[in-house]
Number of protein chains: 2
Amino acid sequence: MKKKESAKERILNVASELFYSEGIRAVGIDRIIAESEVAKASFYRNFATKDDLVVAFLEQRQIRSLSKVEEAKNLYPDEPVKQLHYLIRILSESIKHPNFRGCPFTNTLLEFPDAAHLGHQTALKCRVDHEGEIAKIARQAKARNPEALAAQLEMLYGGAIVDAYINKPTFDSHNFYDAAMVLVESQLT
Amino acid sequence: MKKKESAKERILNVASELFYSEGIRAVGIDRIIAESEVAKASFYRNFATKDDLVVAFLEQRQIRSLSKVEEAKNLYPDEPVKQLHYLIRILSESIKHPNFRGCPFTNTLLEFPDAAHLGHQTALKCRVDHEGEIAKIARQAKARNPEALAAQLEMLYGGAIVDAYINKPTFDSHNFYDAAMVLVESQLT
DNA sequence: AATGACAGAGACAGGTCTGTATCACTTGTA
DNA sequence: TACAAGTGATACAGACCTGTCTCTGTCATT
């Protein structure tokens, strides 16, 4: 059973792209429906509300994000420091990509400051989970204060991401890479 | 000539507070009008459009922000390293404040990703100017790469700010302070 | 061929938001 | 007292956005 892509898949892919590149509030349902070449009824048959689509978008991005962590673990088993270096390196690479527009979770959190909002809660959970994964690796690397290092890296990560897409032309990803390495070093020596 | 506060002042103060704490898109004109206890006509006599009010809000915040830099210079003249330490310290303090909700410029940039938007352009200029001031101090401090250090500090600053207001309860401002100090040190020794 | 699940097209209701317009009131100054 | 400028209150237009509804078409399975 296979035509090309189900309506649901098309909607999610279009929405994921648009939400990421232009922001959630800025992209209306009508636009998503038009660009996925889907009927309005089909949209609401698959997603009860726009918020449900936002949650699906965030969960899709979270899967991608955690898969990078898995990748690092598989590439350098039992070498946590190398895992951290690898994650820093691929992030520093992805920042350079022309379509890079920051961390979807951070962006969502800033777009919906209201903690009661479903999108806010989902995005927050994604960020916390990711930081937990980094802290785990930092612990294996015997960092003096793994939670602090994870928090600092996420901090820098978050800042780099904002910086990069805000000020694309002048952004130098070396600055991120170097700073991240300095922080890791400062916890190991 | 003095009653208490002109309509214009009341509008700007209320808007500044609401925009900062709840976001620009999330706060409508009607709400600002209601909370400033002003008539709609009075609002539009003072600000042609909502965008004009946004610009006024950003400019007000920029004045506050640059005044901190001036403060550092006045407190420690000809001691650029102490100026940097001071700025790191007061930021690390302000993050702890219960009303802290991040950097108004970053938030605005993320709320309006469209580079053509007036609010986006104004906020971008504010950030660039601020980074320029930090780079100037770093140069006086004879940092090996002053622009890189300024960029890294802004990066960390931006990340801390996002982190802090996103995850208030668990945020530890020591992490920011320590990381910033490590970065400064790494450029001086 | 028939049935049932899903898809497309589009009208429409109800809400919100920005910005305009009208009218009456207050207050400082001449 | 009289005038003018700014203010409050409120109605309204026009745009946009979310979500509902109806009607028609398609396609796979039986």
Side-chain angles (χ1 to χ4, degrees), chain A residues 1-58 107-108 111-114 116-120 122, chain B residues 1-58 107-108 111-114 116-120 122:
Chain A
M1 59 150 65
K2 165 122 319 38
K3 37 205 321 185
K4 39 186 177 183
E5 242 183 339
S6 73
K8 185 166 188 172
E9 285 170 324
R10 258 180 299 156
I11 293 168
L12 183 53
N13 288 339
V14 166
S16 181
E17 198 51 48
L18 289 177
F19 283 165
Y20 181 64
S21 61
E22 303 187 22
I24 294 173
R25 296 184 97 117
V27 175
I29 291 292
D30 286 343
R31 173 119 179 262
I32 292 169
I33 285 164
E35 299 203 12
S36 7
E37 291 175 312
V38 145
K40 206 154 196 178
S42 307
F43 175 89
Y44 282 103
R45 222 176 283 120
N46 287 291
F47 300 96
T49 69
K50 185 182 179 182
D51 282 351
D52 288 80
L53 178 59
V54 171
V55 169
F57 154 65
L58 292 170
N107 296 349
T108 303
E111 259 193 299
F112 301 101
D114 180 3
H117 192 283
L118 186 58
H120 182 104
T122 308
Chain B
M1 56 148 68
K2 170 121 315 37
K3 32 207 328 185
K4 37 186 176 183
E5 241 183 338
S6 74
K8 184 166 188 169
E9 286 169 323
R10 258 179 299 156
I11 292 167
L12 184 52
N13 289 339
V14 166
S16 182
E17 197 52 48
L18 289 178
F19 283 164
Y20 181 65
S21 61
E22 303 187 22
I24 293 173
R25 295 184 97 119
V27 175
I29 292 291
D30 286 344
R31 172 119 180 263
I32 292 169
I33 285 164
E35 298 203 13
S36 6
E37 290 176 314
V38 145
K40 205 155 195 177
S42 308
F43 175 90
Y44 281 103
R45 220 175 288 118
N46 287 291
F47 300 95
T49 69
K50 185 183 179 182
D51 281 351
D52 288 83
L53 178 60
V54 170
V55 170
F57 153 65
L58 292 170
N107 295 348
T108 304
E111 257 193 301
F112 301 101
D114 180 3
H117 192 283
L118 186 58
H120 182 103
T122 308

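Below, chains carry the letters A, B, ... as their sequence lines are ordered, and counting in each starts from 1.
- With sequence neighbours left out, the side chain to side chain donor-acceptor pair (under 3.5 Å) criterion links Ser16(B) to Gln60(B), Arg61(B).
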B/S/- along nucleotides 19-26 of chain D (protein heavy atoms under 4.0 Å) is BBBB----
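- Scored by the salt bridge (Lys or Arg N to Asp or Glu O under 4.0 Å) test, Asp51(B) finds no partners at all (sequence neighbours excluded).
- One interatomic measurement links the two molecules: CZ of Phe47(A) to P of dC6(C), which rounds to 15 Å at whole-angstrom precision.
- In this model, the phosphate group of dC6(C) is not approached by any side-chain N or O of Ser42(A) to a distance below 4.0 Å at OP1 or OP2.
- Atom CG in Asp52(B) sits about 12 Å away from atom C1' in dG19(C), given to the nearest Å.
- Distance Glu35(B) CD to dG8(D) C1': 17 Å, rounded to the nearest Å.
- Under the side chain to side chain contact (heavy atoms under 4.5 Å, CB included) criterion, Ala26(B) pairs with Arg25(A), not counting sequence neighbours.
- For Ala41(B), the side chain to side chain contact (heavy atoms under 4.5 Å, CB included) partners at least two apart in sequence or on another chain are Arg45(B).
- Pairs of residues two or more places apart, or lying in two chains, that qualify as side-chain hydrogen bond (donor to acceptor under 3.5 Å, both in side chains) and include a residue from residues 26-36 of chain B are Glu22(B)-Arg31(B), Asp30(B)-Lys40(B), Arg31(B)-Glu35(B).
- In this structure, Leu53(B) atom CG and dT18(C) atom P are separated by 10 Å, rounded to whole Å.
- For the pair Ile33(B) CD1 and dT16(C) C1', the interatomic distance rounds to 14 Å; values are reported in whole Å.
- Taking atom CG on Asn46(B) and atom P on dG6(D), their separation rounds to 9 Å, with Å as the unit.
- One atom, NZ of Lys8(B), and another, P of dT7(D), lie 11 Å apart when rounded to the nearest Å.
- A straight line from CD of Glu37(A) to C1' of dA7(C) spans 13 Å, rounded to a whole angstrom.
- For the atom pair Leu53(A) CG and Ile29(A) CD1, the distance stands at 6.0 Å (nearest 0.5 Å).
- Within residues 15-27 of chain A, no residue places a heavy atom under 4.0 Å from DNA chain D.
- The aromatic rings of Phe112(A) and His117(A) sit parallel, their planes meeting at an angle under 30°, below the 60° perpendicular limit.
- For Ser21(A), there are no side chain to side chain donor-acceptor pair (under 3.5 Å) partners, not counting sequence neighbours.
- Applying the salt bridge (Lys or Arg N to Asp or Glu O under 4.0 Å) rule to Glu17(A) yields no partners; only residues at least two apart in sequence or on another chain are considered.
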